[in-house]
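Each remark here refers to the structure printed beneath this line.
Every chain is numbered from 1 and lettered A, B, ... according to where its sequence line falls, protein lines coming before strand lines.
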Amino acid sequence: MAFQEKQNRFKRQPEKSASASQYGRTPAPIKFSNDTERLQHVNSIRKAPVGAQMKRVIDLLFETRKALTIEQINEACYVDMRANKDVFESMRKNPKVKYDGERFSYKSKHDVRDKNQLLFLVRKFPEGIAVVDLKDSYPTVMEDLQALKAAREIWLLSNFDSQEDIAYPNDPKVPIKVDDDLKQLFRGIELPRDMIDIERDLQKNGMKPATNTAKRRSAAQMEGISSKPKPKKKKNEITKRTKLTNAHLPELFQNLK
Amino acid sequence: MVDHYNKLVKLAARAFYDDLTSKGENQPKSGRSDNRGIAVVILDALTRRQWVREEDLAKDLKLHTKQLRRTLRFFEEEKIITREYRRETAKGAKMYSAATAATVDVQLTGKEGEEKVKLHTHSYCCLDYAQIYDVVRYRIHRMKKLLKDELDNKNTIEEYICRKCGKRYNALDALRLVSFEDDDFHCESCNGKLEVESDKFVAQEGGDGDENARRWRHEKLKDMLQKMEAQLKPLMDQLSRVKDLPVPEFGSLLAWEARASAMGRAANGDISGDSKMSQLGYNGAAMPYSGDTKVVVDFNGTEDTKDVKSETGSTSLKVLPPWMIKSGMVLTKEQRGEVKEEMKMDGTSISTSAQYLDDKKSTVDHDDKRNIQDEYIKAYYAALLKQQHELEAASKQELSNTLTANDPSSSASNRQVGMKSKLEEDDDGTEWEEAPVAGTGNENYKVDLNVQADDAPADDDEDVDWEEG
């Protein structure tokens, strides 16, 4: 933490000088050029536009995630809000900053501190919550989201458009885990095109079908909608008769039908 | 009831479709945009809805429409959802669904001169619980049967594999693969010899058909069957739980909309409906207007609430044209065009519809005439009352005169006993008109300004000149 280091350095300074005088040794003098550079840097920060100064302060608050006083902020990033009232007012009104009358702290969109709170928040949004809104909650939020996804507590989907992830809760009341080979076997069983065939098959095996396709079709005809299953379009597969532009690459066409 | 079926859908989604991605088969599945779980998310969202427009669902789930449609198309093929397509105007599309359209205060009927409105096809989707229940049972049954048949070596359809290119064929394809050179089956693409592959579950191991391989295969199938029983237990339990429950049926989109809008109106306690839409019939025919209710708020409790009536209740309804009248509509005789006959005092009848005049001018003249007539009638009845009072006064006077004449105490009588005397008549020259005393006659004079009286002959002795109205 840069702020902590600076604080420690600041605290250590009088000790150093005291110990040096004890042993009769003077501390190494600060080079004038170095100090000038630092002062110039501080001056350039304080002369910068209000927005630039605010950004420095907000970045500091975001990184440290601590509530800091005006003096601490000045020490850490050289933005003097006592002298610059515009910066102070803008910071006080900023939606990403919380000011309690004495200290400034970063205010995230959702008040979340750890993985459990994160999961609790995601469960409040069954239609999904944008990860962008969660990103600034606390530093390790992205790792926690990935961990929750791995534990099947949430689903993380990315949107084509914005390429932004959306987090959806996984219902904890329906715990079921099926091996991939069983999934493949289930999905591999082809369904008849017509639902009536499924009904017949169920009846043949002593199961009462819930669907009454014949009744549905008659109702649909009365309403004027045809619900006959459309014939499945055959995929345009490459056959021997297909004219190939890259016939010189036979390895591409080993599986010709 | 629906909750049990929703749980079934959620279990089936997590059991068999949680590894589906919205990407195509040939697209690389990068870690960045790995959409595993999209199927579960969509099915979960559909358990919270009935019929929903796909654009709205995509918007709610913050997904791209293309992603959503690809998954929905897959589920339609899997017979898990039902989809319907409808051409709608932009105005109709703006509404969340037509179920809410009945409560939205929008007039859908455009002007006749308006140019043709552009129609867009919108797709709607909905979970088909009955089909889900049937398809899941069908597939699980087929899975079990397949595994058991493999265990018992009951493979009726043998499978063949080409060891060179790995292409598979079944016994049904074998007829066209027979080679006339060696009477064996040969591969179509590489002409390699086909070998029987009795078990498709362990094809990748490529057992050489010896006892160990067969035993290993048997163990694998047994393990798979046990695993299936164990892992699908929650799903099987849920299937048995919903077995005797009635299946939620939303019907077609049109039927559902009609039901939902009716329920919405009933829930609002608005059976007649305030909206313009509810004033129209199913196909836009105007329903009879029942009039606005006059609401009187009486804070002091002084006003009599009995007199509160509909303001427009008394006004007659417009006659509906015959093409607007449908069989189910409750209409008054006036609206049907059956004219109500009103009898005038002079015996002639006049229809109520004939009383409405088209020109404003004529209505103004009509009003003026009415006012004059009213004034005339008032004056006439005032005179009549006056005359009546005078008659009463005269009759009283006559009575008193006769009484004084007959009274023995009032005047000195010249009669003597045994002598006939003649009554003397007063010679004051006044002749009294015979008029019935008020209350004794048969005619009662009622002052009713709404009844037009016949013109009575004016009395000569009264100097009142009446203007003819």
Mind checking what makes side-chain contact (heavy atoms from CB on, under 4.5 Å) contact with B/L225, not counting sequence neighbours? B/L147, B/K148, B/L151
Which answer fits B/Y17, side chain, backbone, both or neither, if we ask what part of it has an atom under 4.5 Å from a heavy atom of chain A? both
Okay, B/Y138 and chain A: the region with an atom under 4.5 Å from a heavy atom over there is both
Between A/K183 and B/D18, is there a salt bridge with N-O shorter than 4.0 Å? yes
Could you go step by step and tell me if A/I176 and B/L235 meet the side chain to side chain contact (heavy atoms under 4.5 Å, CB included) rule? CA-CA 8 Å; A/I176 189 166; B/L235 185 63; 4.1 Å; yes
Decide yes or no on side chain to side chain contact (heavy atoms under 4.5 Å, CB included) for B/F74 and A/R187, but give the supporting numbers first. CA-CA 11 Å; B/F74 169 76; A/R187 294 210 297 262; 4.2 Å; yes
Leading residue by heavy atom contact count with chain B [cutoff under 4.5 Å; candidates A/N205, A/D179, A/I198]: A/D179
Considering only heavy atoms from C-beta outward, does the side chain of B/R14 approach that of A/N170 to under 4.5 Å? yes
Evaluate the side chain to side chain contact (heavy atoms under 4.5 Å, CB included) criterion for residues A/D171 and B/K7: first the C-alpha distance (whole Å), next the side-chain angles of each, then the deciding distance (0.1 Å), finally the verdict. CA-CA 10 Å; A/D171 195 338; B/K7 194 176 180 186; over 6 Å; no
Which of these passes salt bridge (Lys or Arg N to Asp or Glu O under 4.0 Å) with A/E127: B/K62, B/K59, B/R48? B/R48
Which one of B/Q131, B/K233, B/M228 has the most heavy-atom pairs closer than 4.5 Å to chain A? B/Q131
Of the backbone (N, CA, C, O) and the side chain (C-beta and beyond), which part of A/L182 lies under 4.5 Å from a heavy atom of chain B, both, or neither? both
In this structure, CG of A/D201 is separated from CZ of B/R137 (nearest 0.5 Å) by 11.0 Å
Quick check: closest heavy atoms across A/L191 and B/K79, and the distance to 0.1 Å? CD1-CG, 4.3 Å
Mind ranking B/D128, B/I140, B/D44 by heavy-atom pairs under 4.5 Å with chain A and telling me who comes out on top? B/D128
Could you walk me through whether B/V40 and A/Y168 pass the side chain to side chain contact (heavy atoms under 4.5 Å, CB included) check? CA-CA 10 Å; B/V40 177; A/Y168 302 88; over 6 Å; no
Residue selection (most heavy-atom pairs with chain A, distance under 4.5 Å) from B/Q238, B/E78, B/H141: B/H141
Return the minimal non-hydrogen interatomic distance between B/P234 and A/P175, and the atom names on each side. CG-O, 4.1 Å
Between B/D134 (side chain) and A/P209 (backbone), is there a donor-acceptor pair under 3.5 Å? no
